[in-house]
Novice: 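Below is one structure. I have some questions about it.
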Amino acid sequence: MKALSALIGGRKIESNEDIFESLNPADLRDVVGRYASANKKSCREACETAREALAGWSATPAPVRASVLHNFAQLIEKNKVALAQLVTREMGKPIREALGDVQEAIDTCLFFVSEGRRLYGHTIPSEMPLKELFTYRRPVGVFACITAGNFPVAVPSWYFIPALLCGNTCVWKPSEDTPETSHAFFKLLTAAGVPRGVFNVVFGTGTVTGAALIDLVDEGLIDKVGFTGSTEVGRRIGEICGRNLQTPCLELGGKNPLVVAPDANIEAALHGTIWAAFGTAGQRCTSLGNLILHESIKKKFVEQLIEKVTSLKIGEPKSDDIFYGPMISEKFLKSHEANLAKLLEKHHNILTIQNGRITKSNGWREFSGDAEHGCYAFPTIIDNIQATDEIYRTETFGPLINVMTYETIDEAISLANGTGYGLSSAIYTQNIEFAYRFKTEIKAGMTSINNSTTGAEAHLPFGGNGKSGNGSRQSGIWVLDQFTRWQSVNWDVSGKLQLAQMDTGYISPSETILPYQF
Ligand code: UN1
């Protein structure tokens with residue numbers, strides 16, 4: 001039986017190639033959606049359709065484009081609970097987090113709507129008379145974007161809201177883990193008034209549809225790429241874009257450090273650690289990877305950590321009081337299990353007794369889900385990690401953290417910076433010098449002082465350095481530089497040819513410039 005594979009120019013494309021199902025990770029018997037992977041032909045058609053729509057959309061006044069995004073915000077607000085419930089059902093994050101995911105899209109809309117009335121250029125004085133200089137932000141063109149499933153509403157909104165506001169047209173390959181949520185996102189955007197062909201979707205897996213879409217950069221059908229996902233895939237996309245002289249937006253992995261100093265507010269640090277480590281079952285790119293504790297507080301901190309973690313409520317994400325739900329899908333659970341099998345070394349000390357998959361026979365004390373049909377994992381804490389260990393520098397994307405110790409500030413900063421990634425980071429301390437040094441010397445794109453590693457806000461730049469990205473940022477006004485190109489215009493009304501640098505009429509000093517003899 002055929003399934004939906006693409007939404008192009010207001011048309012639904014169906015196919016029976018590479019069918020995939022999106023399953024509720026809290027109950028794998030619940031099929032949330034059935035889709036087909038769009039092939040290269042559909043990807044090409046989507047890009048060509050976006051290209052055809054570009055002239056009309058880019059000529060639409062920016063405040064009018066913004067009004068569509070205002071409608072979008074209102075529609076999301078009206079459907080907030082239903083959309084959040086769909087997010088929870090499709091990818092398993094607890095309902096309060098799903099509501100936050102949806103709220104982030106609303107915040108992003110509200111922020112950029114007023115940018116539609118700014119999108120400022122400049123009026124610049126010329127060095128010659130009767131001549132004026134101007135700058136304008138012009139759209140980049142066709143924007144193709146591949147997103148992950150962990151923030152199925154917030155992250156696409158980070159890309160598409162500014163991209164559309166700036167007059168670009170789009171082709172979106174959403175995660176194969178959240179096609180139904182992505183379809184709902186499309187429906188709301190269409191209902192908000194985005195004209196046909198301006199926003200197109202190709203469903204599918206990364207290997208089939210994602211790869212086919214990115215190939216089209218080489219065919220000249222795409223002007224800008226956005227990608228949120230693994231460093232490995234990001235690197236490949238960067239290579240393809242690079243040879244086409246394009247700079248993609250790459251938001252990649254992280255191995256985010258959280259340092260706790262001996263003078264820290266320990267209770268706050270414990271809460272921040274647990275949230276950073278196990279919130280969203282550790283499946284945020286900003287999740288905690290390496291917990292770096294001062295040796296003097298380590299023993300006590302770890303004891304309290306284990307005690308608190310032991311009483312975390314894991315289970316059915318629909319419940320309001322759940323700390324974390326299932327992994328995004330079975331694939332993520334398997335990868336978590338594989339990490340446990342692959343990255344643990346003899347000298348590691350696993351502080352948690354139960355690790356890996358939560359099952360009916362091997363249950364969690366505070367568990368409320370269906371272990372037999374859901375993809376649940378225990379929280380894992382591994383001690384005695386060394387900077388030479390593979391697990392220290394490998395993103396694990398699950399409920400798993402490493403514990404390390406430090407003696408000096410230099411050592412803490414060096415451990416925080418040593419993984420090759422540089423997305424998020426955090427420090428808990430009351431020591432001003434340490435906090436100052438940390439924020440100045442950390443290589444990560446984002447840092448928290450006395451707060452967890454996760455929890456970006458919709459108007460602050462989000463993004464990383466090193467293996468976490470290529471320096472592109474999302475959120476806030478700076479994103480306008482990703483989705484527009486500066487055009488410089490000079491206008492000469494003198495009626496004659498005036499030559500820059502030559503016909504400038506600079507005034508010479510009345511005396512020869514010599515050093516004065518005072
Ligand atoms: C991601 O995991 O890709 O700051 C994005 C945070 C979220 C976004 C994470 N607002 O953790």
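Each ligand, and each atom within it, is numbered from 1 in the order the structure gives. One-based numbering along the sequence shown.
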Novice: Compute the shortest N/O to N/O distance between G455 and ligand 1 and return yes if it is under 3.5 Å, no if not.
Specialist: yes
Novice: Salt bridge check, R65 against E115: does any charged N sit closer than 4.0 Å to a carboxylate O?
Specialist: no
Novice: If we ignore angles and hydrogens, is there a donor and acceptor under 3.5 Å between the side chains of E90 and T181?
Specialist: yes
Novice: Which atoms of ligand 1 have any heavy atom of A456 under 4.0 Å away?
Specialist: 4 (O), 6 (C), 10 (N)
Novice: Thinking salt bridges, do D383 and K298 make one under a 4.0 Å N-O criterion?
Specialist: yes
Novice: Ring pair (Phe, Tyr, Trp, His ring centres under 6.0 Å) with W172: which of F203, F186, F185, Y159?
Specialist: F185
Novice: In a check of side chain to side chain contact (heavy atoms under 4.5 Å, CB included) between K224 and each of V217, N168, V140, V142, which one passes?
Specialist: V140
Novice: When you look for heavy atoms under 4.0 Å from ligand 1, do you find them on the side chain of E104, its backbone, both, or neither?
Specialist: side chain
Novice: Would K173 and F227 count as a cation-pi pair here, with the cationic atom under 6.0 angstrom from the ring centre and within 45° of the axis?
Specialist: no
Novice: Look only at interatomic distance and state if V155 has a nitrogen or oxygen under 3.5 Å from any nitrogen or oxygen of ligand 1.
Specialist: no
Novice: Can an N or O of T228 be found at a distance shorter than 3.5 Å from an N or O of ligand 1?
Specialist: no
Novice: Taking 4.0 angstrom as the limit, do E239 and R235 come out as a salt bridge?
Specialist: no
Novice: What residue and heavy atom of the protein are closest to atom 9 (C) of ligand 1, and at what distance?
Specialist: F151 CE1, 3.5 Å
Novice: Quick one: which ligand 1 atoms are inside 4.0 Å of a heavy atom on N150?
Specialist: 1 (C), 2 (O), 3 (O)
Novice: So is there a nitrogen or oxygen of C285 less than 3.5 Å from a nitrogen or oxygen in ligand 1?
Specialist: yes
Novice: Would R284 count as a polar contact of ligand 1, with the cut-off being nitrogen or oxygen pairs under 3.5 Å?
Specialist: yes
Novice: Within 45° of the axis and under 6.0 Å from the centre of the six-membered ring of F323, does NZ or CZ of K313 qualify?
Specialist: no
Novice: Closest non-hydrogen protein atom to atom 11 (O) of ligand 1, residue and atom name please, with distance?
Specialist: T286 OG1, 2.8 Å
Novice: With a 4.0 Å cut-off on heavy atoms, does E457 reach ligand 1?
Specialist: no
Novice: Is W158 touching ligand 1 with its side chain, its backbone, both, or neither, if touching means heavy atoms under 4.0 Å apart?
Specialist: side chain
